[in-house]
2 protein chains.
Amino acid sequence: MVNSGQAPAKIKYKRMPELVMDQLMDWIMDGTISMGDKLVAEDLASKMGVSRMPVREALKNMEKSGIVESIPYVGTRVVELTMADVKQIYIMRKALEPIAAYYACKNITDERIETLIAVQEQLERVLFEENPDGKEIFVLNREFHFTIYETSQMRHLVNSISNLWDHLAFFKLIYGRKYVTDKDSAKRVVRDHRSFIELLKNRDCKGLQDAVHESLDRLVSGLNESIEDYIHPNK
Amino acid sequence: MVNSGQAPAKIKYKRMPELVMDQLMDWIMDGTISMGDKLVAEDLASKMGVSRMPVREALKNMEKSGIVESIPYVGTRVVELTMADVKQIYIMRKALEPIAAYYACKNITDERIETLIAVQEQLERVLFEENPDGKEIFVLNREFHFTIYETSQMRHLVNSISNLWDHLAFFKLIYGRKYVTDKDSAKRVVRDHRSFIELLKNRDCKGLQDAVHESLDRLVSGLNESIEDYIHPNK
DNA sequence: TAACGGGATATTGTATCCTATTAATGCTGA
DNA sequence: TCAGCATTAATAGGATACAATATCCCGTTA
């Protein structure tokens, strides 16, 4: 067989719709695709060198998670996120993420905490580089949070939270820039994360729950202006 | 998206994947499809008289909302819902639905309340028929709740809640039977719903929020096992 | 006899083709 | 000129055909 040697059973290769979706999300994050843009399956297909089919599946997936919306026989376009949408998503995040954190704390092992610390160290390294990469920061930040949330072993909950994060893809760019230019935000993130780790070490689950909620609160109030700028750029 | 009116063979109003999914959900609810069953696209396609393509889309959708899971090149099977999953879903419902109710209350018009009352009257009629139809009860119950939630005008939130309800499809049957056989549950539902309506009329939004939460709490405590047992399995 | 490997089979993933639907365009007639 | 209908172009939806991959079975071999 082709697959001679090891790497048994657990190969998780990516299927094409996933790759297509990754590409689209990248384009969304780097601004190539903007809100409201029409996504024509055939154009994307030829641009990516695949047939229309995987593109269709990717779009269907993105529709299901609410990033794009499609009208039968008319087309698919990228959803226009309003300020109200963003607020709504943060309301949901504030409702769900503290719970995930709470149950994660109930379940976490010392070993898992070590993993988390490793991610955090990597994140801090990147954050305080001379020329940080916004996207890398966001990926690592996400990894940090989901390392916690996944520990809750509540797959439905984690899945929903993941969807919410995806919705904010448009703003990853902003976040990245903010952390790059605004060292205070970076320091605040570091402080928050470290306090999460401390609370986890002490198994202070209620404390962690509150801390996550507060952290999100601060995030919202901090980002109001920059989001407003992004939504109404020419104001 | 209430499909008022006809529903003959050749409807062109709903797209086929949706019809396929409806059919599958029906089969899930009536026990034709059980948890763990393998769903072979081609079989389903021929059974429904369509090609594999709409079936694939339907399965993809259901996978996205977590009702089925698929392994590449192997197949799709219906997820096995454990009691822990159910508890988890209720935790999420308790986190989200009170919020939706709260914002619904903030937005609701007298007219909308009338609509709600109409649904409730219909539900009560069915509930206290001599031979109630479990499925009909559940459809009407869902309509009641979502008439409220949709009033919040928070599409992401409502969408997430809708997914959670879909997850419980397997248990709709059970619940339905419960309401049929156990008149006390039926009465409790009626009481809860009527109190929701009353709170809405008074625009007591915080009260409604709490009432929804408590109502869900009572539902959960009706379920035997504790979530703690699952989350800390070896205790 | 048990373990390994190759091939048959089943089923999904992808490509291509055809059809249905919509929206835009243009023609006709008042 | 404009309203209204017919026609057409563009594009999504659906069917079919083909490729890729995993699983299972069976024969070979130590």
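The nearest whole Å value for the distance from the CD atom in A:Glu18 to the P atom in C:dT12 is 18 Å. Put simply, NZ on B:Lys38 is 11 Å from P on C:dA10, counting in whole angstrom units. Following rounding to the nearest Å, A:Glu42 (CD) and D:dA9 (P) show an atom-to-atom distance of 16 Å. Rounded to whole Å, the distance from CG on B:Leu39 to C1' on C:dA10 is 16 Å.
Put simply, the side chain of A:Thr147 gets close to the backbone of A:Glu143: a donor and an acceptor are under 3.5 Å apart. Here the side chain of B:Thr115 pairs a donor or acceptor atom with the backbone of B:Glu111 at under 3.5 angstrom.
Within the model, atoms NZ of B:Lys38 and CD1 of B:Ile33 stand 14.5 Å from one another, a figure rounded to the nearest 0.5 Å.
Within a 6.0 Å sphere centred on CZ of B:Phe146, other residues, nucleotides and ligands contribute more than 12 heavy atoms. No more than 12 heavy-atom neighbours from other residues, nucleotides or ligands sit within 6.0 angstrom of CD on A:Glu42.
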Does B:Glu63 form a salt bridge (Lys or Arg N to Asp or Glu O under 4.0 Å) with B:Lys60? I'd like the steps, not just the answer. CA-CA 5 Å; B:Glu63 187 188 354; B:Lys60 206 88 186 113; 3.6 Å; yes

Given protein heavy atoms under 4.0 Å, the one-letter contact record of nucleotides 13-18 of chain D, with B base, S sugar-phosphate only and - none, is simply BBBB--

